[in-house]
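Here it is, the structure, as structure tokens.
Positions are given from 1, in the same order as the sequence printed here. Numbering of ligands and ligand atoms starts at 1, following listing order.
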Amino acid sequence: MSDVATAAKPMRILAVANQKGGVGKTTTAINVGAALAASGLRVLLIDLDPQGNASTGLGVEPGRREVTSYDVLLGAAALSDAILASAVDRLDIVPSVVDLSGAEVELARHPRRASIMRDALAAAPDDYDLILIDCPPSLGVLTLNALVAAEGVLVPLQCEFFALEGLSLLVRTIEQVRRRFNSKLIIHGVVLTMYDGRNNLAQQVAEDVRSFLGKRVYDTMIPRNVRVSEAPSHGRPVIHYDPGCAGAKAYVELASEMLRRDGRDRPLAAE
Ligand code: ADP
Ligand code: MG
């Protein structure tokens, strides 16, 4: 598949996407972002999900979300006006609000509705080594904006029945976006999340995904771990909340693997 080519240089803008909800997109965006920030990269996370879980999980309370990704998409604010510091050093965030769920309808007649985020990013100062865009669980205008703006897609995938069907649809969508809007878009990698190696179905799905996408599937798998699910209610990434737990270690390893894949090798450690 042509979309599994290796990137020639480190990627700066990654969309974290999968149209299925509850597969670990937000958890992955937060923890990969935090692990890379801990390694010294300056990271921006753009919350493009009306549910705002990435904003909450990084300690940005609803009262602080004055200028948001919604304002940026509606052309009411520049991206740089929407950036807030998160609870994590070197990790900034553009928060979202629930109003963002109206963007689909509000942008329906906008002639350049697919490329608003790309244009906003192009006009923003070049302050970040990496920009992660946390997508909502759909393939509507919000995810489209992320895919048009991005260089690569990071796909969290839960090993369950129908996972491959969902993945095929996402791959087709990425191919369409590449043809119409963004010729450089590739799948940076698929990460298997909430993995339970004792579960036969999970093992089988993991094998199938690896034979379908080959090297595009990261070696690192994220285990199911209760500490990972507790961390957001404390407004912190799990790599800070409980650095020693299996989930935190796996996210640090995933971030290292992503850097190796991009040719930007540097040691990573949970804080
Ligand atoms: P998405 O953004 O794709 O909807 P989330 O990242 O919000 O998915 O994850 C869905 C739920 O699963 C959340 O409650 C989250 O805390 C939990 N979760 C995610 N990853 C793990 C994991 N590795 N172990 C246990 N729970 C997890
Ligand atoms: Mg989410």
Any protein heavy atom nearer than 4.0 Å to atom 14 (O) of ligand 1: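 Not a single protein heavy atom is under 4.0 Å away.
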Distance, nearest 0.5 Å, that separates CD1 of I174 from CG of L169: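 So the gap between those two atoms works out to 10.0 Å.
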Check: G21 N/O within less than 3.5 Å of ligand 1 N/O: no
salt_bridge(E253, R260) N-O dist < 4.0 Å: yes
Atom indices of ligand 1, in the order listed, that fall short of 4.0 Å to a heavy atom of V228: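 Those of ligand 1 that fall under 4.0 Å from V228 are 20 (N), 21 (C), 22 (C), 23 (N), 24 (N).
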Min N/O separation V23 to ligand 1 under 3.5 Å: yes
Y251 side chain to T220 side chain, donor-acceptor N/O pair below 3.5 angstrom: no
Nearest protein heavy atom under 4.0 Å from atom 22 (C) of ligand 1, yes or no: yes
Criterion side-chain contact (heavy atoms from CB on, under 4.5 Å) on I46 and M117, from CA distance to verdict: CA-CA 10 Å; I46 299 176; M117 188 52 72; 4.2 Å; yes
Mode of I222 contact toward ligand 1 - side chain, backbone, both, neither (heavy atoms, under 4.0 Å):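 The answer is the side chain.
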T193 side chain near T27 side chain, heavy-atom distance below 4.5 Å: no
Any P137 heavy atom less than 4.0 Å to ligand 1: no
Exercise: do S69 and D47 side chains pair donor with acceptor under 3.5 Å: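 No, no side-chain donor-acceptor pair sits under 3.5 Å.
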Any N/O pair K25/ligand 1 closer than 3.5 Å: yes
Ligand 1 atoms in contact with G24 (distance to a heavy atom under 4.0 Å): 1 (P), 3 (O), 5 (P), 6 (O), 8 (O), 9 (O)
Closest approach of any protein heavy atom to atom 18 (N) of ligand 1, naming residue and atom: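 It is M194 SD, 4.0 Å.
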Any N or O of N225 closer than 3.5 Å to N or O of ligand 1: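 The answer is yes, given that N225 and ligand 1 share an N or O pair closer than 3.5 Å.
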Side chain, backbone, both or neither: P223 near ligand 1, heavy atoms under 4.0 Å: backbone
Salt bridge present between E207 and R210 (N-O < 4.0 angstrom): no
Short side-chain to backbone donor-acceptor contact, N31 and V238, under 3.5 Å: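 Yes, the answer is positive, given that a donor and an acceptor are paired below the 3.5 Å cut-off.
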Heavy atom of the protein closest to atom 26 (N) of ligand 1 (residue, atom name, distance):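 Of every protein heavy atom, S229 CB, 3.6 Å lies nearest to atom 26 (N) of ligand 1.
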Protein contact for atom 11 (C) of ligand 1 (heavy atom, distance under 4.0 Å):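 No, because not a single protein heavy atom sits under 4.0 Å from atom 11 (C) of ligand 1.
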Separation between OG of S115 and CG of L121, rounded to the nearest 0.5 Å: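 Output value for this atom pair is 12.0 Å.
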Close N or O approach (T27, ligand 1; < 3.5 Å):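 It does: an N or O of T27 is found under 3.5 Å from an N or O of ligand 1.
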Min N/O separation V226 to ligand 1 under 3.5 Å: no
Full working for side chain to side chain donor-acceptor pair (under 3.5 Å) between S39 and R90: CA-CA 10 Å; S39 85; R90 284 183 297 278; over 6 Å; no
2.8 Å cut-off met by an N, O or S atom of T26 to the Mg ion (ligand 2):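 For T26, the answer is yes, given that an N, O or S atom comes within less than 2.8 Å of the Mg ion (ligand 2).
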Atom pair CG (L84) and CG (L58), whose distance is rounded to the nearest 0.5 Å: 11.0 Å
T26, any N or O under 3.5 Å of ligand 1 N or O: yes
